[in-house]
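Just so you know, these numbers use all the heavy atoms, side chains as well, and skip hydrogens, waters and symmetry mates.
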Amino acid sequence: MGKIKRIVFKNINWLLSSALLGRLVKFILVITSARLLGPEKFGFFTYMLARVDLFFVFSDLGLYAFYQRSFYKTADNISLFSNVLNLRLALILFSGLVAFIFFIMISNVDINHMIIILILRAMVIQLSDILITHARISQRMDIESTAFLTDTLLTTTLGCASVIGFSSIYLLSWSYFLGATFSLSFLYWKLLPLIKESRIQLSRSFCINFIKNGPSLVVLSFLSKLLFVTDFLVIKHFLGNTYVGFYQAAKKIYDIVIGLFTSVFLKSIMPVILSLHEKKKKLKHVFQKSVIYLCVLSVPLGVGSLMLKDIITAILYGERYHEAIQSVGYFSILLILTPFLKVINNVILSSELHIKNMWISLACILLNLILTLSFTSFMGITGAILATIIARIFDIFASYFLVKKHLGSIKLNPHSLFSVFASVLFMSLSLYYSRHYSQNIIFLIVIGSISYLLLILFFKEPATYELLQSMFNKLCVKQNISTKKISKD
């Protein structure tokens, strides 16, 4: 097995094991909160989270992407980490202070105690991000996985207790804060040697480099963070807290459950792509392979969830969230589109194309904001998601042509593309006719999975066969090692 495959498999092993348990546990909290609090109260809590997060759009200033891009290009990573950590810490404290002043002295919100807890939680999460970023690009997925599980398990345990026992969003905010705090404590403990070596500094060379290469990342970071909370604020303005609850319920199905495997794959491949910034030929090969793997993963997941959206929503949230069904369907389309955009953006970040890409992303984000404001007023929450889909399609095509111009002609295996298309079509037909006989979600998922995998294997899709062959070889190597140990004994 090649070096790149070994790295990706190691990352996937750690992330998938933690993600399966962590996301399942986290989704229990989402379902419990949504069902017991109801759409309006659940929507109000989501809206307050979005309002607090709005004040932290300046807490990054592109440092997350700048650190990822610079890590493999500098010899003194400790100095780089020190500068990024100190600047990020200053921005977090400033953002928290501004949020605190606004909510306590200016805003008319009466629940000041909950707001304070949510502000502190946001500050803790922002600080954890830089530590998680370092762990990820250092190939320490075990640290990221354990930190994620620590946060998830504690938040879910305390959150479910506060919702079931007291139906209190104030206690729910405490559970979010404590989960994030314990996760940060774990990260601090695991990265303590690095933190001890870091210095309180903001060097002149770092500032020059950041001013030279950072402005585009600053703009993109600010707008992307702004876009993340805009949908909730716009929906609240036009439709109220109840529809924020519907939107969040649909979004969580997409974020936590359906997008699990594509999310793990993207996190695993990201450090590899960033490390190939000086090897254009190999970068091109990895990019082409990644696109095929994403086709194999994200297209059937998106189409399957689109066809089962009504059953999924009813089982998870109950009849009170009936109006979220259409949103789940539109989020399924986003599930197909988003992974391709993320892997393209990783290549752009690795290839020093982020300045050119800034104008593309800027245009797409502004388009998204304009369409969200326009569509939501008369289409409801469907309009907000549709605006994102339109902007994302434009972003994918424009960014892809930028990458293609840099890497040269990109050839995707037509055999693989045809295999995926035919297999998804067969899976769709199987699900459509199976629904006439049974509405059992487990039965339908099994039918869809088997029909898709059977046709993929029938067509001998190269990427799937290569993946299975790599896994088989790995198992054979482990078996040989075990056999040799037994023989020696």
Side-chain angles (χ1 to χ4, degrees), residues 4-5 7-20 22-24 141 253-273 285-309 312 328-329 331-347 389 392-393 396 400 410 412-428 430-431 444-472:
I4 290 177
K5 288 181 184 175
I7 292 172
V8 174
F9 268 109
K10 184 192 77 170
N11 294 341
I12 286 176
N13 286 338
W14 272 108
L15 290 173
L16 190 57
S17 58
S18 67
L20 282 172
R23 287 184 179 230
L24 175 63
M141 301 299 180
I253 295 177
Y254 158 71
D255 284 343
I256 298 178
V257 181
I258 303 174
L260 167 65
F261 295 103
T262 53
S263 174
V264 168
F265 176 78
L266 287 167
K267 286 182 180 180
S268 302
I269 200 70
M270 182 268 290
V272 175
I273 291 175
H285 175 73
V286 171
F287 174 67
Q288 291 175 160
K289 285 282 186 182
S290 299
V291 171
I292 294 298
Y293 278 124
L294 285 174
C295 286
V296 173
L297 281 171
S298 65
V299 176
L301 283 171
V303 173
S305 59
L306 179 64
M307 297 192 68
L308 301 176
K309 61 183 185 295
I312 293 172
V328 173
F331 273 121
S332 300
I333 299 173
L334 275 179
L335 173 65
I336 299 173
L337 299 174
T338 303
F340 295 102
L341 180 60
K342 287 187 176 180
V343 77
I344 289 170
N345 285 338
N346 282 336
V347 174
I389 292 173
R392 201 147 292 179
I393 291 172
I396 287 173
Y400 173 76
I410 296 173
L412 301 177
N413 191 329
H415 181 191
S416 295
L417 296 176
F418 173 77
S419 300
V420 171
F421 174 78
S423 301
V424 168
L425 181 61
F426 180 64
M427 178 195 75
S428 303
S430 301
L431 286 174
L444 292 171
I445 290 174
V446 170
I447 289 294
S449 301
I450 291 175
S451 59
Y452 175 73
L453 289 173
L454 281 177
L455 217 61
I456 276 284
L457 295 174
F458 172 78
F459 283 115
K460 297 183 178 179
E461 193 281 311
T464 306
Y465 260 75
E466 185 179 351
L467 179 64
L468 292 174
Q469 184 64 43
S470 298
M471 294 172 67
F472 178 75

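Scanning all heavy atoms of the two residues, the minimum distance from Val328 to Ile253 falls at CG2-CD1, 3.9 Å. Contact detail for Val343 and Ser290: the closest heavy-atom pair is CG2-CB, 3.8 Å. Of all heavy-atom pairs spanning Asn413 and His415, the tightest one is OD1-N, 2.9 Å. Shown here for Val291 and Phe340, the closest heavy-atom pair between the two residues is O-CE2, 3.6 Å. Nearest approach of Ser430 to Ile447, heavy atoms of both residues: CB-CG2, 4.1 Å.
Here CG of Leu425 is found 9.0 Å from CG of Leu455. Values are rounded to the nearest 0.5 Å.
Listed by chain and number, the residues in a side chain to side chain contact (heavy atoms under 4.5 Å, CB included) with Ile450 are Val446, Leu454 (sequence neighbours excluded). Checked against side-chain hydrogen bond (donor to acceptor under 3.5 Å, both in side chains), Ser451 has no partners two or more places apart in sequence or in another chain. Every residue meeting the side-chain hydrogen bond (donor to acceptor under 3.5 Å, both in side chains) condition with Thr338, not counting sequence neighbours, appears here in chain and number order: Tyr254, Arg392. With sequence neighbours left out, Phe418 forms a ring-ring contact (aromatic ring centres under 6.0 Å, His included) with Phe459. For the side chain to side chain contact (heavy atoms under 4.5 Å, CB included) test, residues two or more places apart in sequence or in another chain that qualify with Asn345 are Leu341, Ile348, Asn357, Ser399. Applying the side chain to side chain contact (heavy atoms under 4.5 Å, CB included) criterion to Ile389, with sequence neighbours excluded, gives Tyr330, Ile333, Leu334, Leu337, Ile385, Ile393. Under the side chain to side chain contact (heavy atoms under 4.5 Å, CB included) criterion, Leu417 pairs with Ile292, Cys295, Leu412, sequence neighbours left out.
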Walk me through it: do Ile336 and Val303 pass the test side-chain contact (heavy atoms from CB on, under 4.5 Å)?
-> CA-CA 8 Å; Ile336 299 173; Val303 173; 4.2 Å; yes

Do Ser305 and Phe331 pass the side-chain contact (heavy atoms from CB on, under 4.5 Å) test, and can you show the C-alpha distance, the side-chain angles, and the key distance before you say yes or no?
-> CA-CA 9 Å; Ser305 59; Phe331 273 121; over 6 Å; no

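Put simply, the side chain of Tyr452 gets close to the backbone of Val296: a donor and an acceptor are under 3.5 Å apart.
Between Leu301 and the choices Leu335, Leu306, Val424, the side-chain contact (heavy atoms from CB on, under 4.5 Å) rule is met once, by Leu335.
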